[in-house]
Amino acid sequence: MARSDLIVDLGAIRRNVRTLLRALEGAELWAVVKADGYGHGAVDAGSAALGAGATALCVATVPEGLALRQALGPVRILVMGPATSREIADARDAGLELVIADGEVPEGVRVHLKLDTGMGRWGLAELPVPGREVVGLMSHFASADSDAAYTGLQVERFAAATAEYAFLTRHIANSAGALRYPSARFDAARCGIALYGISPFGTDPAEDGLEPALRWESQLAQVRQLQPGDSTGYGRRWVAERPTWIGIVPVGYADGFRRDLTGTEVRVAGELRPVVGTVSMDAFAVELDGELPVGAPVTLLGHGVQVEAHARTAGTIGYEIVTGIRGTPERTRRTVIDG
């Protein structure tokens with residue numbers, strides 16, 4: 001029996017694509033589906049995005065690209081991370097496009113030259129004259145979610161460096177760039193987190209017309225009343241001050257419900273309730289406002305329980321929350337719907 005259920009709504013992904021396309025006002029949307037579609041399933045998410053108007057898929061590695069090629073056929077796939085010589089040969093055979101951030105441009109592969117405009121990671125210090133294999137020019141924002149001035153500077157640097165090559169596809173915007181910076185649109189935007197209805201700004205995604213595509217459900221496996229002085233969980237981090245009902249949910253950090261999510265809220269039988277005590281490998285506790293039956297539904301994500309809120313509790317970002325969910329068949333049942 002599954003300990004929890006992950007439900008991926010492809011309809012929400014399609015609606016998010018259309019929202020992003022409206023924001024881009026004519027620029028192409030390239031859907032980023034690396035890390036198994038940010039935990040949503042790369043093939044399902046990629047197919048839904050393409051069906052709603054995205055024109056390419058972006059991944060981090062050649063193996064990710066090869067898996068998509070096998071599953072989805074002749075779609076445009078861009079590999080954004082570095083590749084070994086063997087992987088370059090595989091990419092050539094599969095018709096994948098590669099990003100070149102240093103070194104020589106391989107022959108027989110469509111490539112995008114990546115310029116470092118301020119990320120300080122992968123990227124060329126100066127843009128060489130593009131050869132015949134080059135089909136795109138790109139860069140990467142460092143802080144489009146938080147620093148408008150620096151983002152504007154990166155846009156200016158990219159525009160100046162690529163101005164004489166406007167006949168090539170130019171792209172720098174991520175989700176935050178697509179939603180906030182018209183000057184960053186150029187010819188295409190590589191959107192990931194917003195595709196899944198998660199805010200790149202850590203705020204309510206509805207503010208940008210985004211709809212979360214992932215629900216995570218479980219149930220109460222045990223209900224018990226603690227007396228004053230009783231505790232629950234490792235380290236006795238939470239001690240009852242009065243007679244208190246608690247519920248035990250059979251999900252823990254082995255499933256991706258992180259140890260630092262103590263203090264966040266989940267929805268139990270429709271009501272928001274706090275997570276108390278230490279999250280363990282296979283279970284966590286919630287404080288209830290009264291006795292509930294074993295089997296009462298618990299929503300870990302969805303129905304108003306936001307990834308962004310969990311991220312704030314954990315001191316991280318929504319990206320890390322969703323990519324950390326481990327939907328293994330032995331513990332989690334995954335369902336894809338088209339709502």
Side-chain angles (χ1 to χ4, degrees), residues 13 15-35 37-38 45 49 52-60 76 78-81 97 99 101 112-124 127 136-163 165-166 168-211 307-308 311 317-320 322-323:
I13 291 176
R15 291 187 286 275
N16 293 330
V17 167
R18 296 184 187 112
T19 295
L20 290 164
L21 284 170
R22 286 192 294 272
L24 289 170
E25 296 183 335
E28 293 183 27
L29 171 63
W30 294 0
V32 181
V33 294
K34 62 183 179 177
Y38 291 41
T55 51
L57 302 179
C58 302
V59 294
R76 190 175 188 185
L78 174 63
V79 178
M80 299 185 293
E97 299 178 22
V99 170
H112 299 244
L113 298 180
K114 185 171 188 177
L115 183 68
D116 181 9
T117 58
M119 181 67 172
R121 199 175 58 179
W122 314 114
L124 301 159
L127 193 65
L137 304 174
M138 64 182 289
S139 191
H140 195 112
F141 282 141
S143 53
D145 58 334
S146 59
D147 190 335
Y150 194 71
T151 301
L153 177 60
Q154 285 194 263
V155 171
E156 292 173 6
R157 289 172 175 170
F158 184 67
T162 62
Y165 306 117
L168 297 172
T169 300
R170 296 184 294 170
H171 47 108
I172 186 174
N174 54 6
S175 290
L179 291 167
R180 290 286 190 274
Y181 301 95
S183 62
R185 291 168 186 158
F186 291 93
D187 302 305
R190 309 181 307 270
C191 295
I193 197 71
L195 186 75
Y196 309 102
I198 301 167
S199 171
F201 312 104
T203 56
D204 186 341
E207 294 176 7
D208 288 292
L210 302 174
E211 180 182 343
V307 170
E308 295 82 359
I317 55 178
Y319 303 69
E320 191 174 12
V322 290
T323 59

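Note that the coordinates shown come from a computational prediction; the quantities given were computed from them, not determined experimentally.
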So do the side chains of [X] and [Y] get within less than 4.5 Å of each other, counting heavy atoms only?
X	Y	value
V33	Y196	yes
W122	H140	no
Y38	V32	yes
D116	S139	no
F201	S146	no
L29	L24	yes
V99	L78	yes
V155	F186	yes

If you compare all heavy atoms of [X] against all heavy atoms of [Y], which two are closest, and at what distance to 0.1 Å?
X	Y	answer
A27	A188	CB-N, 4.2 Å
A194	S175	N-OG, 3.2 Å
P205	G197	CB-O, 3.3 Å
A184	I172	O-CG2, 3.6 Å
G318	I198	CA-CG2, 4.4 Å
N16	G209	OD1-O, 4.3 Å

Just jot down the side-chain hydrogen bond (donor to acceptor under 3.5 Å, both in side chains) partners of E156, sequence neighbours excluded, or say none.
none

Go through the structure and list residues passing side-chain hydrogen bond (donor to acceptor under 3.5 Å, both in side chains) with T151, not counting sequence neighbours.
none

Distance, nearest 0.5 Å, that separates [atom1] of [X] from [atom2] of [Y]:
X	Y	atom1	atom2	answer
I193	L179	CD1	CG	12.0 Å
T169	E97	OG1	CD	8.5 Å
E28	C191	CD	SG	12.0 Å

Does F141 have any ring pair (Phe, Tyr, Trp, His ring centres under 6.0 Å) partners at least two apart in sequence or in another chain, and if so, which?
none

Among residues at least two apart in sequence or on other chains, which ones pass ring pair (Phe, Tyr, Trp, His ring centres under 6.0 Å) with H171?
W30, H112

Can you check side-chain hydrogen bond (donor to acceptor under 3.5 Å, both in side chains) on S199 and E308, steps first, answer last?
CA-CA 7 Å; S199 171; E308 295 82 359; 5.0 Å; no

Check the pair T117, L153 against side-chain contact (heavy atoms from CB on, under 4.5 Å), reporting the backbone distance first and the verdict last.
CA-CA 8 Å; T117 58; L153 177 60; over 6 Å; no

Does anything in residues 176-197 form a salt bridge (Lys or Arg N to Asp or Glu O under 4.0 Å)? List the pairs, not counting sequence neighbours.
E25-R185, R180-D208

Applying side chain to side chain contact (heavy atoms under 4.5 Å, CB included), name anything that partners L127, two or more places apart in sequence or on another chain.
L113, L115, L137, T162, Y165

Got a donor-acceptor contact below 3.5 angstrom from the Y150 side chain to the G118 backbone?
yes

Give a yes or no on whether the backbone of L210 and the side-chain of T19 come within a donor-acceptor separation of less than 3.5 Å.
no

